[in-house]
Amino acid sequence: MEIKEEGTSEEGQHFLSTAQANDSEDIQFTSIQKIPNEPQLEFILACKDLVAPVCDRKLNTVVQISVIHPVEQTLTRYSSTEIVEGTKDPLFLTGVTFPSEYPIYEETRIKLTVYDVKDKSQDTIRTSVLLEYKDSPPEVGRSFLGCASFKVGELLKSKEHPLSLRLRTSDGGKVVGTIEVSLMKMGEIEDGDTDHITTDVQGQKCALAYECTAPESVSGKDTLPLLNAVLKNPVCKLYRFPTSDNKWMRIREQMSESILSFHIPKELISLHIKEDLCRNQEIKELGDLSPHWDNLRKNVLTHCDQMVTMYQDILTELSKETGSSFKSSSSKGEKTLEFVPINLHLQRMQVHSPHLKDALYDVITVGAPAAHFQGFKNGGLRKLLHRFETERRNTGYQFIYYSPENTAKAKEVLSNINQLQPLIATHADLLLSSASQRSPDSLKSSLKLLSEKTELFVHAFKDQLVRSALLALYTARPGGILKKPPSPKASTEETGPQDEPPQLRRQDSIPHHSDYDEEEWDRVWANVGKSLNCIIATVDKLIERDGHKEEGTGGGSSKDGDTDHSPQDSITSHPKEDWYEQLHPLILTLKECMGEVVNRAKQSLTFVLLQELAYSLPQCLMLTLRRDIVFSQALAGLVCGFIIKLHTSLHDPHFLQQLHTVGLMVQYEGLLSTYSDEIGMLEDMAVGISDLRKVAFKITEAKSSDELPVLTGRREHYVVEVRLPATVFESLPLQIKEGQLLHVYPVLFNVGINEQQTLAERFGDVSLQESINQENFELVQEYYSIFMEKMPPDYISHFQEQNDLKGLLDNLHQNIQAKKRKNVEIMWLAATICRKLNGIRFTCCKSAKDRTSMSVTLEQCSILRDEHQLHKDFFIRALDCMRREGCRIENVLKNIKCRRYAFNMLQLMAFPKCYRPPEGTYGKADT
Ligand SMILES: O=P(O)(O)O[C@H]1[C@H](O)[C@@H](O)[C@H](OP(=O)(O)O)[C@@H](OP(=O)(O)O)[C@H]1O
């Protein structure tokens with residue numbers, strides 16, 4: 001039968017066409033037994049007695065794995081092994097794995113084609129020229145040796161292990177050696193079935209024992225729906241590497257994109273729209289203002305309304321992207337996708353090594369959160385915000401300067417009012433309904449809730465800021481005495497320009513007190529408390545009287561013969577009157593007093609917000625937009641990282657305890673250079689990551705299996721609600737189930753590694769990187785202290801026995817102080833500290849494609865060496881396998897449709913050695 005080669009499809013499991021995948025569902029094929037979320041089929045390959053076409057040359061072999069679809073008989077290139085050099089008996093370390101989603105059946109045929117690679121650097125080109133040839137693509141730099149094929153069912157049922165197949169030339173005639181296919185049953189538990197293979201790997205004789213023991217399932221099955229709802233399009237790779245005692249360890253690499261890449265930005269933009277619409281409305285409702293302030297308000301509103309329209313347009317565009325879960329590096333400058341993180345993936349390594357527990361290592365890889373569409377000509381957020389604040393502080397004639405802290409406080413009080421007022425009204429109504437039912441218990445509990453909320457409400461206005469804002473607003477009203485816009489005198493920092501001569505800051509710029517009755521506010525405010533006291537007293541009397549009646553001692557006067565003439569004395573004179581009647585007017589008074597307070601406070605604090613917006617329009621709004629964009633990208637990554645961490649650690653009681661008592665450390669490794677545009681990116685990223693401190697998580701019970709996280713809050717404070725299936729939720733600690741907020745501690749360490757960083761070190765400035773690393777080191781130390789203080793002593797003593805965190809911190813500190821060039825030790829130490837502290841790991845560069853790929857693969861192999869006894873002679877080979885045929889080269893392909901890291905020789909010479917990819921995997925690429 002003739003088999004058509006799919007010339008248009010690049011090698012890669014995710015490139016099987018949807019049509020093919022769907023077709024398969026109509027015809028009855030025999031499915032492979034599946035374990036949820038485990039690969040369906042995994043095997044490794046070795047060749048024996050290969051015949052070299054030319055006798056005087058040693059073979060450098062690679063096996064190409066293709067899938068022959070059972071209906072159409074079309075052939076799809078699936079994956080490749082690494083190139084094994086200089087042997088006729090190659091044993092490949094890169095295996096083959098088919099994830100659970102892949103449409104593969106017992107009837108599916110797998111074709112194995114063995115090539116001899118003459119020139120490694122030429123060999124890369126095959127994949128990029130592949131696209132240009134419709135039919136059988138020419139193989140540049142390699143020559144065909146032989147091929148063999150087998151049906152998946154044959155491999156699964158075969159009694160022969162490994163399955164040995166003859167390799168034949170293309171005409172099907174000459175035998176050129178054999179290829180052995182060894183099934184890896186990773187999904188099943190099988191005891192000690194070992195098979196000894198002796199092989200010559202890179203000139204060494206190693207006796208390698210391959211154990212078929214399957215790893216314990218590392219992920220909880222109950223939470224699978226949660227993870228499946230979040231992670232999409234997994235790419236899986238399989239390797240086996242020798243350990244120092246000549247056994248095999250098995251490594252599965254997985255890379256998945258996340259639906260949260262789009263979901264979180266959409267949620268966040270909706271919240272921004274809600275927040276800004278509400279603020280704009282409040283500004284409109286500020287009431288009459290004098291002409292100066294009224295013009296300012298009109299101007300602010302015009303710009304703010306335009307901004308809201310822009311956010312709405314972006315949301316509309318994003319909503320069209322239904323089901324999207326990936327933004328490629330090449331789309332990073334697209335305006336409508338600005339809120340979406342670049343190239344966000346979970347990069348997972350699962351290790352099964354002899355004598356050790358199975359382990360999972362996760363890193364979230366994502367492009368540095370930055371505003372690419374707005375550009376970096378004037379720098380990024382760190383510099384822009386600082387410059388903006390300094391200029392604003394020093395320009396005091398058109399508006400009143402409130403510090404960012406006070407503006408934030410105004411927003412917080414406003415948000416508290418908006419939340420508390422309806423809550424108090426609800427509790428007041430509940431109190432009335434308890435009264436009408438004449439239920440003392442329910443009356444007491446309703447009163448308790450009402451009192452608590454009202455006290456919070458009254459407390460919210462204690463701030464001096466409200467007073468100063470009331471005065472400022474008074475002077476801004478028509479007829480308000482205003483020689484120049486007032487400085488909010490009562491608020492400590494809110495003075496005129498810092499370097500202004502003293503005579504310009506004279507008291508006469510402040511409105512005359514004689515015109516303004518400051519005590520009026522106190523009276524209005526105190527009335528709320530007074531009316532609550534009235535309600536409490538009445539309820540007490542009603543209950544007390546009820547008690548008396550029950551005891552048969554009911555009478556017309558109070559117990560102690562008190563004869564005061566408070567309103568509740570009416571109970572005495574009208575014993576049969578119902579409770580509702582007694583309480584109703586008091587509740588009305590409370591609501592009225594509260595309404596008055598809310599009205600005044602809202603207007604005055606909105607006036608504070610008007611000041612924030614008034615300076616330097618529209619730049620200040622563009623700055624907010626920039627910060628929102630950067631934050632959105634950072635938040636999407638964080639939520640993704642948090643959910644994955646939660647999923648993988650749910651069954652660890654110490655983790656759960658740490659989660660609610662300490663919070664989680666989130667560590668970002670940055671690889672940006674401090675040169676040219678990347679300075680701006682790093683400045684954006686630093687603010688975006690630090691803004692994540694405003695985020696807290698809350699875990700609730702899910703009603704359906706695939707609920708996505710829900711976001712609430714406003715710019716100063718967000719809560720992400722993560723929903724877990726009932727069975728899992730039930731097993732959580734009480735504090736978490738009760739909705740305690742779970743905090744995160746984001747930290748960033750950056751070390752530029754490329755040629756641009758060389759320029760920065762020689763001719764530029766690396767101070768940005770140095771200060772970021774120093775500041776964030778202090779944050780790590782702070783986290784460590786809280787961790788040591790709050791985790792239980794017995795846990796801490798065990799933890800200290802296992803880990804020398806103090807030593808690692810000292811080492812990190814010394815490395816940061818050392819100011820060595822391209823000191824990548826900083827990144828390794830920070831990542832190690834994060835892993836040991838059970839934190840969430842991130843790695844970022846501009847696109848999370850090239851430098852990030854080098855870094856995560858290096859981290860993976862270093863973990864294998866340090867934690868899993870990877871044979872030291874195989875460190876570089878393992879690194880090369882992962883970089884050549886692993887998930888990260890698929891990431892490059894996914895982003896730029898070309899299987900090549902975008903580095904040239906010159907760039908690579910500037911890289912620290914361990915960050916250089918293997919020959920033939922890099923080159924000029926159209927990024
Ligand atoms: O444009 P050339 O000169 O080829 O330089 C590339 C760099 O070498 C790569 O490191 C960049 O990718 P990463 O940011 O993923 O490392 C890559 O970023 P890009 O893919 O976003 O364009 C390029 O900057």
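Just so it is clear, the model here is predicted, and its values are computed rather than measured. In each ligand, atom 1 is the first atom listed, and ligand 1 is the first ligand listed. In this chain, numbering begins with 1 at the start of the sequence shown.
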Report task. Find all atoms of ligand 1 within a distance of less than 4.0 Å from any non-hydrogen atom belonging to Cys845, and give their numbers and elements. Result -> 13 (P), 14 (O), 15 (O), 16 (O)

Requested in this report: Give yes or no for whether the N/O distance cutoff of 3.5 Å, strictly under, is met between Gln907 and ligand 1.
Outcome: yes

Report task. If the plane angle is over 60° it's perpendicular, under 30° parallel, otherwise tilted; pick one for His813 and Phe777. Result -> parallel

Query raised in the report: Do Gln774 and Gln817 have a side chain donor and acceptor closer than 3.5 Å?
Result: yes

Query raised in the report: Which pairs with one or both residues in residues 635-647 pass salt bridge (charged side-chain N to carboxylate O under 4.0 Å, His left out), sequence neighbours excluded?
Result: none

Report summary line: Checking heavy atoms under 4.0 Å, the part of Ser853 that sits near ligand 1 is neither

Distance-only donor-acceptor pairs under 3.5 Å for side chains of residues 263-270, two or more places apart:
unit_1, atom_1, unit_2, atom_2, d
His263, NE2, Pro709, O, 2.7
Glu267, OE1, Leu711, N, 2.8
Ser270, OG, Lys266, O, 2.9

Query raised in the report: Would you say the side-chain atoms of Arg888 pair up with the backbone N or O of Met255, donor to acceptor, closer than 3.5 Å?
Result: no

Query raised in the report: Under 4.0 Å from ligand 1, counting heavy atoms only, is it the side chain of Lys924, its backbone, both or neither?
Result: neither

Query - Closest to atom 6 (C) of ligand 1 among Ser329, Ser855, Ala902, Ala848 (heavy-atom distance) - result: Ala902

